[in-house]
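Heads up, the thing below is written out as structure tokens.
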2 protein chains.
Amino acid sequence: MATMEEIAEKAGVSQATVSRVINGYQGVSEKKKKLVMDWARKLDYQLNMTAQSLKNNKSYLIGLIISDISNPYFAEIVHAVEKEATRNGYNIIICNTESNIQREKEAINSLRSRQVEGILLVPANKNAAHLRSLQQKNLPVVVITQFSKLFTSVAVDHVKGSELIIKHLVDLGHTKIGYIGPDKYSGCKEDKFEGFKKGIKNSNLNLDSDYIIKTAGGLPELSSQDVFKKVTSFLKTSDKKIATAYFAYNDLAAFEAIKAFEDFGYEVPLDIAIAGFDNTSLSKINRPSLTTISQPIKTIGHLAFEILLEKISKSESDTESIVLSPSLIIRDSTLMYEKINK
Amino acid sequence: MATMEEIAEKAGVSQATVSRVINGYQGVSEKKKKLVMDWARKLDYQLNMTAQSLKNNKSYLIGLIISDISNPYFAEIVHAVEKEATRNGYNIIICNTESNIQREKEAINSLRSRQVEGILLVPANKNAAHLRSLQQKNLPVVVITQFSKLFTSVAVDHVKGSELIIKHLVDLGHTKIGYIGPDKYSGCKEDKFEGFKKGIKNSNLNLDSDYIIKTAGGLPELSSQDVFKKVTSFLKTSDKKIATAYFAYNDLAAFEAIKAFEDFGYEVPLDIAIAGFDNTSLSKINRPSLTTISQPIKTIGHLAFEILLEKISKSESDTESIVLSPSLIIRDSTLMYEKINK
DNA sequence: ATGAAAGCGCTAACAG
DNA sequence: CTGTTAGCGCTTTCAT
């Protein structure tokens, strides 16, 4: 690839002048400017951002650490972030961790080594020790899709969202309401489970552990395959007590659960109501379409990037975490209790 | 961030020695080695890859240009590529083009500027002029998920895959077989449509244009929302002739189509058989589960990266394009013609 | 075994 | 207006 030096040689000017032209500084004679531009085009010149970064100590690069990009929900996050980054002249380096702490550590080191200006992070484990040390380094970090005590975070209130779902199910007349999902999230409490319990309590119902189908938390990919198996094996037990409505902790899990129930001859929503969480684009398309909680993905991507950019420019910024409101999307997968086949 | 210079100062050695230790060269006394390592740890040293890249003219960075990362199929591709890249010490920069030629051009320039060692590309338009010029520059490029005449490509044979679907539908006894999808792909022929026609011909059926529901090609995201609308408006026409089986050009389109048909009171597969293409993870979960064509996504990601790496090391490599075999996955969305409600 | 020094491609004073 | 020069953090050759 051509360098400024080569252009300078061809155009008979100094390399500094080439730099001035390329970067659009004023104070270069029109004649030389044109000469340089022509040669740049002719030699198919491309600025070497590596050199520029080194010199300016500015990379226009941010890191995006995500647990599982093959989950449509995260894919949409990546989409939103990439769009916003491009609009601001940034590129993003993606690191997929599979919710593995070790890989997350490696990703962080790798990104630091690449001189990224900041990191957008979906943590594998909210209170892993290495996050504390990351906090010490003066590298801007914004946690997304989860609440964080250590970093500024942009996320929907998962507890409140779950409560909304439960309230909706109660409003439909359901009293036997179950939960399908993990009860903890790599060591921490799973907010959606907390919201579920809170919702049950608010409605003066009793928490019945028979209605809770626990699945593996942590590895999204694995756990999502896990839901089908767990529900299926639950349905195979002889002494089972089945709820009339279930809240599955995310859309993917809901899809799997619906599949499992229907394979056993239950119809959703005619026999059992099922709701999800995320409002992925597929929740609308699925049969039945899924009642779920909408997370404003574009807003999350947008805001998170904006905040990160602000942190990058003002090194002392101490933004409050942003808690976005979840909203209930009612579709076909949940039905009035009265209408249910009994 | 600490530099080698600072470590050198603290440890009382030259910066060159620090470099030797950090890079694990032999020929440094154990004593100094330990000294340097200790200080490196103490100062939380991270190699500056920007500087290293500049010096070595090697970035360990590859670009991944994709049309639409929110399509689960591409998300899985990204997943596979990222995994392979990390395993080889590379990072990837993701560029989403929305199938927009202009954005693709910008992405290519941006990546060249970043000194990526190679590009994995899902082209927005196979024969766009700028790809010809990209071919001239000596930057390794591997096209994925599509066949390419200009670059080495790794993809499933779309024509053959489509023929498999049609053959399957014919084997089920269907004679009125339709196609839902674009007939061309930003200027070029859409291989799946070609495969559809070929399949119809092979089975000695007549190509009936009434059975073809054309949708927008090009922008995956838009076109996928388009399918629902197009099928719906087709079903609203009074003089419609409906096929008994439809091949939708990808899974997402198939989901939308199923949704549209069912909204109009048709049951899939009881009234109408529908098949897709891609075998995304959701095709198994969907109700009804989707008959589709499996693309070996992990293999594509794996192979493409491997080939790219080879091109990077041997600058003159001229690998043949790899055409992978599609395979038919039969699920619930297609049923014997005899069993269909008439 | 180790230090000094050149240079990767670029930017930004500084001098003229 | 434009050229000269120093230097970003690193690797590597050449002395010693």
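Please read all numbers here as calculations on a predicted model, not as lab measurements. Within every chain, numbering begins at 1; the chains are lettered A, B, ... in the order of the sequence lines, protein sequences first and strands thereafter.
Proximity of Gln52(B) to the phosphate of dG9(D): no side-chain N or O atom is located under 4.0 Å from OP1 or OP2. Contact check, Tyr25(A) against dT2(D): no side-chain N or O comes under 4.0 Å of OP1 or OP2. Between dG9(C) and Tyr45(A), no contact under 4.0 Å exists linking OP1 or OP2 to a side-chain N or O. In this model, the phosphate group of dA4(C) is not approached by any side-chain N or O of Ser14(B) to a distance below 4.0 Å at OP1 or OP2.
Rounded to an integer number of Å, the gap from CD of Gln15(B) to C1' of dT2(C) is 13 Å. Here the P atom of nucleotide dT2(D) and the NZ atom of Lys33(A) are 10 Å apart, to the nearest Å. When rounded to the nearest whole Å, the span between NZ of Lys31(A) and C1' of dC1(D) equals 12 Å. Straight-line distance from the CZ atom of Arg114(A) to the P atom of dC8(D): 22 Å, rounded to whole Å. In this structure, CZ of Arg112(A) is placed 15 Å from P of dG9(D), rounded to the nearest angstrom. Computed from coordinates, the Arg20(A) CZ to dG3(D) C1' distance equals 8 Å when rounded to whole Å. One can place CG of Leu35(A) at 16 Å from C1' of dG3(D), the figure rounded to the nearest angstrom. Straight-line distance from the CD atom of Gln46(A) to the C1' atom of dC10(C): 15 Å, rounded to whole Å.
The one candidate from Glu104(A), Lys105(A), Gln135(A) that meets the side-chain hydrogen bond (donor to acceptor under 3.5 Å, both in side chains) condition with His130(A) is Glu104(A). Considering Arg112(A), Lys58(A), Lys311(A) as possible partners of Glu117(A), the one that fulfils the salt bridge (charged side-chain N to carboxylate O under 4.0 Å, His left out) test is Lys58(A).
Among the nucleotides dG9(C), dT11(D), dT2(C), the one closest to any side-chain atom of Asn48(A) is dG9(C). Proximity note for Thr17(A) (side chain, C-beta onward) versus dT11(C), dT2(D), dC8(C): the nearest is dT2(D). Listed candidates were dG9(D), dA4(C), dT11(C). Nearest to the side chain of Ala16(B) is dA4(C). The side chain of Lys32(B) lies closest to dT2(C) when the candidates are dT11(D), dA6(D), dT2(C). Picking from dT11(D), dT11(C), dT2(C) the nucleotide with the shortest atom distance to the side chain of Asn56(B) gives dT11(D). Out of dG3(C), dT11(D), dG9(C), the shortest distance to the side chain of Ala51(A) is found at dG9(C).
Asn57(A) comes within contact range of no nucleotide atom at all, as no heavy-atom separation falls under 4.0 Å. Ser29(B) comes within contact range of the sugar-phosphate backbone alone, with a heavy-atom separation under 4.0 Å but no base atom that close.
Comparing Leu54(B) and Glu30(B) against DNA chain C, the residue whose closest nucleotide sits nearer the 5' end is Glu30(B). Comparing Val28(A) and Lys55(A) by the nucleotide of DNA chain D that holds the closest heavy atom to each, the one mapping nearer the 5' end is Val28(A).
A salt bridge does not link Glu306(A) with Arg87(A): every distance from a Lys NZ or Arg NE/NH1/NH2 to an Asp or Glu carboxylate oxygen is 4.0 Å or more. Glu6(A) and Lys42(A) are not joined by a salt bridge, as no carboxylate oxygen comes within less than 4.0 angstrom of a charged side-chain nitrogen.
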(Q) Could you walk me through whether Glu76(A) and Lys83(A) satisfy the salt bridge (Lys or Arg N to Asp or Glu O under 4.0 Å) test, starting with their C-alpha distance in whole Å, then the side-chain angles of each, then the deciding distance to 0.1 Å, before giving a yes or no? (A) CA-CA 11 Å; Glu76(A) 289 175 36; Lys83(A) 189 168 186 172; over 6 Å; no

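Between Leu64(B) and Leu121(B), the closest side-chain pair of non-hydrogen atoms is not below 4.5 Å.
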